[in-house]
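First up is the structure itself, then whatever we jot down about it.
Just so we're on the same page: letters track the sequence lines, and every chain starts at 1.
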Amino acid sequence: MTKKLILIDGNSIAYRAFFALPLLNNDKGVHTNAVYGFTTMLLKILEEEQPSHALVAFDAGKTTFRHKTYEEYKGGRQKTPPELSEQFPLVRELLDAFQISHYELDQYEADDIIGTLARRGEQDGFEVKVISGDRDLLQLVSDHVSVALTKKGITNVETYTPSFMKEKMEINPEQIIDLKALMGDSSDNIPGVPGVGEKTAVKLLHQFETLDQVFANVEEVSGKKLKEKLQNHKDDAFMSKELVTIDIQSPIAVKLDEIQYNGHDSTKVAHFFRDLGFHSLLGRINEDEEGAEEVQDALPSIDVTIVDSVDETILEDHSALVVEMLGENYHTSPVEGIGLVNDSGTYFIPTNVAMESELFKKWAQDKTKKKWVFDAKKTLVSLKRFDIDIEGIEFDLLIASYLINPSENHHDIPSISHRMDKKGIAYDEEVYGKGAKMKVPEQDSLADHVGRKTTMLYEMKDSVEERLRENSQWELYHELEMPLSLILGEMEHVGVAVDVEQLESMGKELQRRLSEIEEEVYKLAGETFNLNSPKQLGPILFEKLELPVIKKTKTGYSTSADILEQLEDKHEIIPKILLYRQLGKLQSTYIEGLLKVVDDQTHKIHTRFNQALTQTGRLSSTEPNLQNIPIRLEEGRKIRQAFIPSEEGWKIFSADYSQIELRVLAHIANDEKLIQAFNDNEDIHTKTAMDVFHVSKDEVTDQMRRQAKAVNFGIVYGISDYGLSQSLGITRKEAKKFIDRYLESYPGVKEYMDDVVQEAKQQGYVTTLMMRRRYLPDLTSRNFNRRSAAERTAMNTPIQGTAADIIKQAMIDLYHKLADERLEARILLQVHDELIIEAPEHELETLKELVTKVMEETFSLHVPLKVDHAYGDTWYDAK
DNA sequence: ACTCACACGC
DNA sequence: GACGTACGTGTGAGTA
């Protein structure tokens, strides 16, 4: 087997990672983006290269031997940001966990260490691979030394071999030094010859081979100016050469046989990953399929009693309760067992033992026995499957964690525990495996893991609640999200009835039309191909049919709808493709997709609302997503005909807020004109058009109203001038003008936008009216894009988030009102600004008034909230 | 098992 | 003036 040596330029990779990735930080405010990027790069290299030897080199200190030659070496360079410097010790820790040597040497740079070892390795018969982001290292390339440079991002590299270099750069590795000597390097403050850039330098080296030859034959250089510059800066060039030349004989102490790589210590690495919150990476380190037992053996042991029959002594008030399931879908996943922790101990109750126990059921349903859970909704729904209606849920760690920081991507017990510095717990993935390898471990392991999770839940309650109070979020948590959670759970459990035959017959008709269109497209294309593949479609349209290329994606031609629409009258194949796409979407996502998740016993669909996911406070919906059922195009809207009441003689009733976000904006910004418009019950888009274009009502054309509508849309969703230009098909400049004119027209809005960004910069986050919070670390980003995106988010989130708060409040109010009035009507779905209800026909008259009133009065703004309603035999008809 | 391009809603 | 530009979920293709 050949010996393979990997040499990594530690500083360079850390820098790259730092600037390539957003400034992630974990809960304790420690930045981890560079470490994270470094880790992904390292994992990839180790997987791909399987090195026998490895070393990471770092720059030692401020001064190097090069400074003796040239004092200003690396002068003028920006100071390393503290957010990065603080990560270097972590990178070293990481390497220790991976058991990879790292090395630095006073007065020398990482380059010199790498160069020296590369040459030594080469002589000893190694295949050497150098990883860096610094092109200077290309001078090391030889038959047995290749250099991988990071391209975009961090794991994306390009490997330079002598032949690749010749092809790509048209010069040899040996010429790299001379190239740099001529062109200099501003980032290292290397002068080179002024006025000579890469192009000229390459040209010179083509002609004269080496730097020495260039100057020996300087008379032959074409161009008077160039010749002069060379003659005047000969010394600079040779000094530059000295500076960029890597010292391949640096006095380093390490020997090659001391830097063998024998694989990492998975326990240490796992520990490190957990500490820093690198969950996604944990799955990539257990080469030899560590089972649940091994993972747990590494943790301090705990005492879990496996219960074989439930007795009263374990069912206390104030208990942490975990209903454990491996699958995501709690409507269908088997319950693997129950975790219970209270003052009397830590218990694991096997599913059948719990569910067959009358005592357990009675305890669960007793509202005076307070339960602390993780995910109240999931707990509620899964117990309902066993005919248990849980009561007395007093604490929900999932919701609390989400409210404290919604941008945290992992709101599971182990992740939250690690964020709060509680270590004795493994991630689900480590215990259960993931994907196809996921399996229920044997009972002892299961009980141990569930026991730990329940213990963590039990122990974290107080500090998490305290945090909510500190954030002034107690009311949001306790009066809004917690009650809502149970209502959502009930909605999910009730489900929505579906007319399966209707879906199936629509599917058949669609299939027929799809095949027909497909045939026609193939005929027009002159060949058959996979019409669902943009990769295959691109060449047909833009090469074979020679249609003009408007936009490319990184993998080929863009064939998205907005591009195809611009080509619509260029070729008759285009409208057919668009129709095929439209119908294909309906078929695969909505017909087939929905049929897949219909319960075949009850013909109902049970979505799951994710209450702890979006950054703004909105809900999301999965398996299936019932918040994106088509409505815009009639063809798709018909899908809604398949959503029907679950009982004979009932109707679907729908109520939606009219312009809730813009009303919220009027309120928050306290903009006189906007408030006036809503108080006068004006058509807001027409009003906006009047104000932006300075015209009277009857002068507003359709075109103007359409543009005003898009501007309003942009304000609500926080899109950029670019986004607005795209949606209106105008230039960015024009779009910006629209936005500016809008802000001139509504000075209150302008003031709000400025203030909210200002305030967010000061405190680091924005809030909604109900104190929902969103952190925006990118507000201080050095990257313009990031910063402006964060600024738009700062303006937009209070608007969208407050609207989300309001409809959530309305759901709670409505739920209670329906119960108080003894109505049978029940809420089925929420679609951001709309509630879908089913009700017996005789309740409709009552509902019209009651639902509207509750929704409009749920929250009092400086402008009225307006609710429209409709009903019919299907969701389609409730329009 | 993953990423990409695309498309649906608000 | 650059850069790549509301947020979600789900699908099929393509690659590893």
- Answer yes or no: does a side-chain N or O of Thr614(A) lie under 4.0 Å from OP1 or OP2 of dG8(C)? no
- Message: Here's one to test your reading of the geometry: is the NZ or CZ of Lys378(A) within 45 degrees of the ring axis of Tyr330(A) and under 6.0 Å from its centre?
- Response: no
- Message: Walk along nucleotides 10-16 of chain C from 5' to 3' and tag each nucleotide B, S or - by protein heavy-atom contact under 4.0 Å, base first, then sugar-phosphate.
- Response: BSSSSS-
- Atom OH of Tyr717(A) and atom C1' of dG8(C) are separated, to the nearest Å, by 11 Å
- Query: Is there a side chain to side chain contact (heavy atoms under 4.5 Å, CB included) between Ile730(A) and Phe738(A) once you walk through the steps?
  - Reply: CA-CA 11 Å; Ile730(A) 58 177; Phe738(A) 278 146; 3.6 Å; yes
- Could you check whether Arg732(A) gets within reach of a base, just the sugar-phosphate, or nothing at all, counting any heavy atom under 4.0 Å? base
- Message: Using a heavy-atom cut-off of 4.0 Å across all strands, would you classify Val831(A) as base, sugar-phosphate, or nothing?
- Response: sugar-phosphate
- Query: So does Lys596(A) pair up with Glu592(A), basic N to acidic O under 4.0 Å?
  - Reply: no
- Message: From C-beta outward on Leu613(A), which listed nucleotide comes closest to its side chain: dG8(C), dC6(B), dC10(B)?
- Response: dG8(C)
- Message: Against Arg513(A), only a single residue in Glu518(A), Glu635(A), Glu519(A) fulfils salt bridge (charged side-chain N to carboxylate O under 4.0 Å, His left out); can you say which?
- Response: Glu635(A)
- Item | Between dA6(C) (C1') and Leu662(A) (CG): distance, integer Å | 14 Å
- To the nearest Å, give me how far apart CZ (Arg632(A)) and C1' (dC10(B)) are. 7 Å
- Message: If I pick the C1' atom on dT3(B) and the same atom on dA6(C), what distance separates them, to the nearest angstrom?
- Response: 23 Å
- Message: Checking Phe643(A) against Tyr876(A) for the ring pair (Phe, Tyr, Trp, His ring centres under 6.0 Å) test, could you report, in this order, the C-alpha distance in whole Å, the side-chain angles of both residues, the deciding distance, and whether it holds?
- Response: CA-CA 8 Å; Phe643(A) 290 83; Tyr876(A) 177 89; over 10 Å; no
- note: Ile631(A), atom CD1; dC10(B), atom C1'; distance rounded to Å ~ 10 Å
- Message: Please list, in numerical order, the residues of residues 788-800 of chain A that have a heavy atom closer than 4.0 Å to any atom of DNA chain C.
- Response: Arg792(A)
- Criterion salt bridge (Lys or Arg N to Asp or Glu O under 4.0 Å) on Lys761(A) and Glu791(A), from CA distance to verdict: CA-CA 9 Å; Lys761(A) 278 194 176 146; Glu791(A) 287 169 1; 3.1 Å; yes
- Side-chain atoms of Phe784(A) come closest, of dA5(B), dC3(C), dT9(C), to dC3(C)
- Under a 3.5 Å limit on both distances, the Watson-Crick or wobble mate of dC3(C) is none
- Message: Test side chain to side chain contact (heavy atoms under 4.5 Å, CB included) on Ile517(A) and Leu583(A); report intermediate values, then the result.
- Response: CA-CA 10 Å; Ile517(A) 301 164; Leu583(A) 301 184; 3.8 Å; yes
- Task: With a 3.5 angstrom cut-off on both distances, give the Watson-Crick or G-U wobble partner of dT3(B), or none if there isn't one.
- Result: dA13(C)
- Task: With C1' as the reference atom in both, quote the distance from dA2(C) to dC6(B) in angstrom, rounded to an integer.
- Result: 29 Å
- Can any side-chain N or O of Asn33(A) pair as donor or acceptor with the backbone N or O of Phe18(A) at less than 3.5 Å? yes
- Find the distance Ile660(A):CD1 to dC10(B):C1' and express it as a whole number of Å. 12 Å
- Item | Cation-aromatic face contact Arg773(A)/Tyr765(A), 6.0 Å, 45 degrees | yes
- Task: May I have the distance from Leu531(A) (atom CG) to dA7(B) (atom C1'), rounded to whole angstrom?
- Result: 15 Å
- Select base, sugar-phosphate, or nothing to describe what Thr616(A) touches, counting heavy atoms under 4.0 Å on all strands. nothing
- Query: Is there a donor and acceptor pair, one atom on the side chain of Arg618(A) and one on the base of dC10(B), closer than 3.5 Å?
  - Reply: yes
- Task: State which of dG4(C), dA7(B), dC10(B) makes the closest approach to the side chain of Ala561(A).
- Result: dA7(B)
- Select base, sugar-phosphate, or nothing to describe what Gln615(A) touches, counting heavy atoms under 4.0 Å on all strands. sugar-phosphate
- To the nearest Å, give me how far apart OH (Tyr580(A)) and P (dC8(B)) are. 14 Å
- Query: Between Lys552(A) and dC4(B), is there a side-chain N or O to OP1/OP2 distance below 4.0 Å?
  - Reply: no
- Euclidean distance for P, dC3(C) against dC8(B) (whole angstrom): 31 Å
- Task: Rounded off to whole Å, could you give me the CD-to-P distance for the Gln726(A) and dG4(C) pair?
- Result: 15 Å
- Spell out, as yes or no, whether a donor-acceptor pair under 3.5 Å connects the side chain of Thr616(A) to the backbone of Gln800(A). no
- Please determine, for the side chain of Thr555(A), which listed nucleotide (dT5(C), dC4(B), dC10(B)) has the closest atom? dC4(B)
- Task: When you get a sec, tell me which of dC4(B), dG9(B), dC6(B) is the closest nucleotide to the side chain of Lys554(A)?
- Result: dC4(B)
- Reference residue Ile644(A); test side chain to side chain contact (heavy atoms under 4.5 Å, CB included); the match among Ile652(A), Asp877(A), Val496(A), Thr874(A): Thr874(A)
